[in-house]
Amino acid sequence: MASDRYIDFVNSDLGRKLVGAVGLPAPARLERWQAGRLRPVEGALLLSTGPLAERVSNFAPRLTDVLLSAGGEVTGAHPWTAEQSAKIKAVVFDASALLRTSELSQLREFFQPILRHLDNSAHVVILARAPDAQTDPLAASTQQAIEGFSRSLAKEMRNGGTVQLLQVEDGAEDQLEGALRFFLSPKSAFISGQVVRLSACGQQVQDWTRPLAGRKALVTGAARGIGAAIAETLARDGAEVVLLDVPQAKSDLDALAARLGGQALVLDICAPDAAAQLIEHLPGGLDIVVHNAGITRDKTLANMPADFWDSVLDVNLNAPQVLTQALIDSGVLRENGSVILLASISGLAGNRGQTNYTTSKAGLIGYARAMAPTLKARGISINAVAPGFIETSMTAHMPFALREAGRRMSSLGQGGQPQDVAEAVAWLGQPGSGAMSGQVLRVCGQSVLGA
Ligand SMILES: NC(=O)c1ccc[n+]([C@@H]2O[C@H](COP(=O)([O-])OP(=O)(O)OC[C@H]3O[C@@H](n4cnc5c(N)ncnc54)[C@H](O)[C@@H]3O)[C@@H](O)[C@H]2O)c1
């Protein structure tokens, strides 16, 4: 894996001076979740007033030891003051009651005073309503306006700070704790500028220290890279893991499966009998399917051989479709399960030399959107995770200039780690993840590509 020496340099004493003088980008060292940590927010959580914020105040003491309020009284919180309060590690602003253009000034009034008092790697979440669920056009316009605000604020954050917008449908308030435990903590270190919609969902995590306890997960392409990180993170969170990869990867796969106390399954997902073999090896059923196995065979379209096209479409798109359908039809995928598809931001943006790859990744996004309504009746969620530039052996082999561009062309100014993608997958695999379905979660540091 390529190491990002530039981050080490800009965070050294000499680097800081030089970078400041020349005006180069200064990516921060991002704080990440360590196994064994309990509190989602280690530091002060600042909460606004509002109907959804009121719900948050009920469970906020489970998120942090230091609860502060701004803009009015919040149960259990001390009022924030610039002079006396500690630096702010996390912020929740409830914008759900803003229904008129004139009320949008509350965004500026709330955020402006606090921005210079944010700690490193601070996480901001704005709570709102889905614009298309508003019957009043002015209310819909106001709620849509908040999206523009949150995406821009994400671009203005410094020192590794992130901003997300959660659109909470009526009845989805119960799912706020799970979502905030993810978006206010270092688990979402490399996610910023995203809009996520939460719908009502009957499921709930029972034990936040092991949110995936009792769930069985299959991860394809698990021998290395992002897939290995996913298997590791799901196991950390209590899931029983089945790791799948091709015969050539058997020794790495066996070693990882043994370390995680999981099961190794050597299988080519494109084999004609792949679905039958999978079903045979999963007699007890499955709760989480992560379609991570993926390949690239890059060439401009003018030079693309048929086998480059076919193999990429086969592995990346056809196999996930065939296997998902088989797992559903056979009943192996249990009720309230989660299907997670590894897409890519290039599937949203397009990429020169990757017509085959981007076609496959966009196809996965379409598949998640189209399947979500059908699977809802059984409580199964299906989402795509779209990584941006992630530091893996795949990106280590890119030409230097492309690799540097990939790293810096994002609000966080760096590549992500496989763990960043894995944390997003683990969150989507939790009971209650059905609150989010048919959506794309980008893990890209707010890359400018496909934004
Ligand atoms: N690395 C990035 O920056 C990045 C960015 C966006 C999306 N992604 C996506 O994330 C996923 C993982 O990427 P990675 O960088 O870890 O890739 P990787 O090449 O390091 O790992 C992919 C794994 O999939 C396995 N695999 C390939 N074909 C298979 C098949 N037919 N059957 C079973 N297993 C198979 C490989 O053996 C390998 O272990 C891929 O879907 C990739 O497209 C990666």
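First listed ligand is number 1; within each ligand, the first listed atom is number 1. Excluded from the calculations below are hydrogen atoms, water molecules and symmetry mates; all remaining heavy atoms, backbone and side chain alike, are included. Residue numbers start at 1 and run along the sequence shown.
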Salt-bridge criterion met for D420 and R32 (N-O under 4.0 Å): yes
No-hydrogen, no-angle side-chain donor-acceptor test under 3.5 Å, N356 and T359: no
Donor on one side chain, acceptor on other, H123 and T162, under 3.5 Å: yes
Mode of L267 contact toward ligand 1 - side chain, backbone, both, neither (heavy atoms, under 4.0 Å): backbone
Flag for N351-S346: side-chain donor and acceptor within less than 3.5 Å: no
Proximity flag A343 to ligand 1, non-hydrogen atoms under 4.0 Å: yes
Location of contacts on V315 toward ligand 1, heavy atoms closer than 4.0 Å: side chain
Atom 22 (C) of ligand 1: the protein heavy-atom neighbour that sits closest, reported with distance to 0.1 Å: G294 O, 3.9 Å
For atom 21 (O) of ligand 1, closest protein heavy-atom neighbour: R224 NE, 3.5 Å
V440 and its side chain to side chain contact (heavy atoms under 4.5 Å, CB included) partner, picked from I365, L364, V196: I365
Ion pair E42/K89, N-O distance below 4.0 Å: no
Selection from S311, P418, A293, S393 by shortest heavy-atom distance to atom 26 (N) of ligand 1: A293
Test of proximity, I226 against ligand 1: N or O pairs below 3.5 Å: yes
I269 and ligand 1 - part of the residue with a heavy-atom distance under 4.0 Å: both
Carboxylate-amine/guanidinium contact R407 E404, below 4.0 Å: yes
Mode of A319 contact toward ligand 1 - side chain, backbone, both, neither (heavy atoms, under 4.0 Å): neither
Element-labelled atoms of ligand 1 that are located less than 4.0 Å from some non-hydrogen atom of L244: 33 (C)
Which residue and heavy atom of the protein sit nearest atom 4 (C) of ligand 1, plus the separation: M394 CE, 3.7 Å
Location of contacts on T395 toward ligand 1, heavy atoms closer than 4.0 Å: side chain
Close approach of G415 to ligand 1, heavy atoms, under 4.0 angstrom: no
Gap between atom CG of L30 and atom CZ of F190 - 0.5 Å precision: 7.5 Å
Shortest non-hydrogen contact from A128 toward Q143: CB-OE1, 3.2 Å
R236 with E423: basic N within carboxylate O range, under 4.0 Å: yes
Per-atom contacts, ligand 1 versus D268 - under 4.0 Å to a heavy atom: 30 (C), 31 (N), 32 (N)
Mode of I295 contact toward ligand 1 - side chain, backbone, both, neither (heavy atoms, under 4.0 Å): side chain
D174/R55 salt bridge by N-O under 4.0 Å criterion: yes
For S344, atoms of ligand 1 separated by under 4.0 Å from a heavy atom: 6 (C), 7 (C)
NZ/NE/NH1/NH2 to OD/OE distance under 4.0 Å, D254 and R259: no
Side-chain ion pair, D252 and R224, N-O less than 4.0 Å: no
Contact partition for Q248 relative to ligand 1, non-hydrogen atoms under 4.0 Å: neither
Residue, atom name and distance, where the atom is the protein heavy atom closest to atom 1 (N) of ligand 1: T392 OG1, 3.1 Å
Contact check, H291 vs ligand 1, heavy-atom distance below 4.0 Å: no
Taking atom 38 (C) of ligand 1 as the reference point, the nearest protein heavy atom with its distance: D245 OD2, 3.6 Å
Ligand 1 contact by D252, heavy-atom criterion under 4.0 angstrom: no
Numbered atoms of ligand 1 (with element) below 4.0 Å of G388, judged on heavy atoms: 3 (O), 5 (C), 6 (C)
Proximal atoms of ligand 1 relative to G225 (non-hydrogen, under 4.0 Å): 16 (O)
N-O pairing of E173 and R129 below 4.0 Å: yes
Atom indices of ligand 1 within 4.0 angstrom of Y357 heavy atoms, with elements: 6 (C), 7 (C), 8 (N), 9 (C), 42 (C), 43 (O)
NZ/NE/NH1/NH2 to OD/OE distance under 4.0 Å, E240 and R210: no
Where ligand 1 meets V246 - atom numbers and elements under 4.0 angstrom, heavy-atom basis: 29 (C), 30 (C), 32 (N), 33 (C), 34 (N), 35 (C), 37 (O)
